[in-house]
There are 2 protein chains.
Amino acid sequence: MTAPAIRSGRAVSEGGSRRLILDMAARLLRSGGYHQTTLREIAEAVGIRKASLYHHFASKEEIVEAVVTDGVRFVHEAVAAALEAAVQAGPRQRLEAAVAAHLSALHGHGDYTSAAIKVFTFGSGPTPQGVRLSRRLYEDVWRGLVAELQQAGAIAPGRSPEALRLFLLGAMNGSIDWYRPERFDIGVLSREFAALVAPDGQGIAS
Amino acid sequence: MTAPAIRSGRAVSEGGSRRLILDMAARLLRSGGYHQTTLREIAEAVGIRKASLYHHFASKEEIVEAVVTDGVRFVHEAVAAALEAAVQAGPRQRLEAAVAAHLSALHGHGDYTSAAIKVFTFGSGPTPQGVRLSRRLYEDVWRGLVAELQQAGAIAPGRSPEALRLFLLGAMNGSIDWYRPERFDIGVLSREFAALVAPDGQGIAS
DNA sequence: TCGACTACCTACCGTCCGGTAGGTAGTCGA
DNA sequence: TCGACTACCTACCGGACGGTAGGTAGTCGA
């Protein structure tokens with residue numbers, strides 16, 4: 001009685017299965033983290049048998065790594081693009097744009113970025129080197145931005161740049177626990193974040 | 001050949017087994033979260049067989065709940081005591097004291113508080129009602145403190161108090177991912193945190 | 001001394017995990 | 001038309017999971 005679904009050899013999309021697997025894995029990883037997410041769940045969400053996942057990926061780790069790498073790359077590119085678009089703006093506006101881009105990548109777009117944060121903020125699963133590297137590179141974007149803000153005098157003198165960066169990233173990533181699109185607006189939140197780090201009346205513009 | 005260890009009926013301490021189990025569970029939960037921590041690991045760390053855990057607790061959930069509840073209560077009491085001790089100080093000093101108490105509970109003391117955050121920041125395991133309640137009560141402490149700061153004019157006008165509280169808690173709890181006692185000083189960090197939320201030159205003292 | 005009780009133990013349960021072996025239907029270039 | 005290839009399938013593996021059944025030493029009050 002269980003409808004066997006339409007099976008048709010090459011299925012609907014050619015080669016799209018890999019993306020579909022990653023999409024479903026990202027969704028499940030986002031809500032459950034590494035250990036709660038099982039290959040059976042992923043396979044079921046995709047609509048195939050668990051063993052078929054091994055036709056596209058060699059292991060669970062490989063699937064998770066692909067999701068996490070994509071997630072980090074996505075938020076990295078979004079923030080880099082936002083900073084490039086605001087290259088002529090003042091430091092405060094650049095900060096606000098970067099924060100908005102980060103939060104949008106986290107909440108507005110797919111599940112990849114949230115999944116990435118869930119997975120390696122847990123510290124649960126094994127963290128491959130490629131993931132560590134891409135994460136490091138993304139952190140450097142913020143390191144650079146904080147340094148730029150400090151150089152422009154936009155942040156209060158005496159603040160530790162490293163503490164500032166950790167505070168900011170931690171607070172933004174922590175929003176996956178409380179952000180609800182109907183309760184908060186990313187633009188408003190970004191202004192709040194930026195105002196904390198670079199208060200009004202500070203910097204070259206004043 | 002496997003040394004059967006010293007078995008002696010009532011063992012070393014009377015009734016202390018329960019605490020020992022929770023101590024070990026807290027340590028494991030802190031580093032592994034809910035799903036990675038197994039009853040076998042806990043039992044091994046304690047030095048008893050897995051089935052013996054059920055003499056003290058009815059289920060894994062009950063153990064985890066006890067650890068989490070203790071962790072929240074500990075940080076709650078620490079922050080409340082710090083605020084009480086600084087009842088005569090200015091708002092900025094009170095904020096700094098609360099932040100220092102929270103961070104100390106997280107990093108300076110046992111594993112309970114970090115375990116609590118790891119467990120329900122994951123959103124992994126089931127969250128019993130008792131845990132939700134104690135967490136809510138603790139959040140109210142910060143809600144009250146932010147309101148007090150706002151009333152005293154210590155934070156910039158126009159800031160959303162709820163956003164401020166969420167940022168602060170998120171950033172502090174995020175520190176479990178990067179805090180290392182040899183790289184950071186809790187006193188210094190607390191001053192950094194407080195300076196962001198309640199910048200100098202603001203409030204009744206100026 | 002003897003029953004109740006405490007704090008453990010060994011042995012086992014069904015279930016689910018990630019992963020593997022080997023098969024099969026459809027597609028496509030030669 | 002036919003072999004190679006792709007994309008899936010069924011069936012199974014050993015092992016780990018949380019949890020249960022039932023037993024056994026030691027303690028202690030009556």
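Within every chain, numbering begins at 1; the chains are lettered A, B, ... in the order of the sequence lines, protein sequences first and strands thereafter.
- Dashed line: the shortest gap from a side-chain N or O of His56(B) to OP1 or OP2 of dC8(C) is under 4.0 Å.
- Legend: residues meeting salt bridge (Lys or Arg N to Asp or Glu O under 4.0 Å) with Glu192(B), ordered by chain and number and at least two apart, are Arg159(A).
- Atoms CD (Glu62(B)) and C1' (dG19(D)) sit 14 Å apart, rounded to a whole Å.
- Listed by chain and residue number, nothing satisfies the side chain to side chain donor-acceptor pair (under 3.5 Å) test with Tyr179(B) (two or more places apart in sequence, or in another chain).
- The main-chain N or O of Tyr34(A) is never found under 3.5 Å from a side-chain atom of Lys118(A) such that the two would form a donor-acceptor pair.
- Remark: Ser52(B) is in phosphate contact with dC9(C), judged by side-chain N or O atoms under 4.0 Å from OP1 or OP2.
- Residue His55(A) has no polar side-chain atom (N or O) positioned under 4.0 Å from OP1 or OP2 of dC8(D).
- Applying the side chain to side chain contact (heavy atoms under 4.5 Å, CB included) test to Ala194(B) and every residue at least two apart in sequence or in another chain returns Arg92(B), Leu95(B), Glu96(B).
- Listed by chain and residue number, Phe193(A) satisfy the ring pair (Phe, Tyr, Trp, His ring centres under 6.0 Å) test with Phe167(B) (two or more places apart in sequence, or in another chain).
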Shorter than 3.5 Å, N or O on both sides, protein versus nucleotides 16-18 of chain D: list them out with atom names.
unit_1	atom_1	unit_2	atom_2	d
dC17(D)	OP1	Thr38(B)	OG1	3.3
dG18(D)	OP1	Lys60(B)	NZ	3.1
dG18(D)	OP2	Leu39(B)	N	3.1
dG18(D)	N7	Arg40(B)	NH1	3.1
dG18(D)	O6	Arg40(B)	NH2	3.4

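- For residues 161-173 of chain B, the pairs satisfying salt bridge (Lys or Arg N to Asp or Glu O under 4.0 Å) are Arg143(B)-Glu162(B), Glu162(B)-Arg165(B), with sequence neighbours left out.
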* To do: Can you run through DNA chain C from 5' to 3' and write each base as (, ), [, ], | or . depending on how it pairs? Watson-Crick or G-U wobble, both distances under 3.5 Å.
  => ||||||||||||||||||||||||||||||
Short N/O separations, protein against nucleotides 3-5 of chain D, under 3.5 angstrom:
none

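- Applying the salt bridge (Lys or Arg N to Asp or Glu O under 4.0 Å) test to every pair with at least one member in residues 21-46 of chain B, sequence neighbours left out, gives these pairs: Arg30(B)-Asp111(B).
- Distance Leu53(A) CG to dT6(D) C1': 16 Å, rounded to the nearest Å.
- Taking the side chain to side chain donor-acceptor pair (under 3.5 Å) definition, one finds that His56(B) meets it with nothing, sequence neighbours left out.
- Relative ring orientation between His76(B) and Tyr138(B) is described as tilted, the plane-to-plane angle lying within the 30° to 60° band.
- Applying the 4.0 Å criterion to OP1 and OP2 of dA7(C), one finds that Ser17(B) has every side-chain N and O outside that range.
- Across the protein-nucleic acid pair, Phe57(B) atom CZ and dC8(C) atom P stand 12 Å apart, rounded to whole Å.
- In this structure, the side chain to side chain donor-acceptor pair (under 3.5 Å) partners of Asp70(B), at least two apart in sequence or on a different chain, are Arg19(B), Arg73(B).
- Not counting sequence neighbours, the partners of Ser175(A) by the side chain to side chain donor-acceptor pair (under 3.5 Å) test are His107(A).
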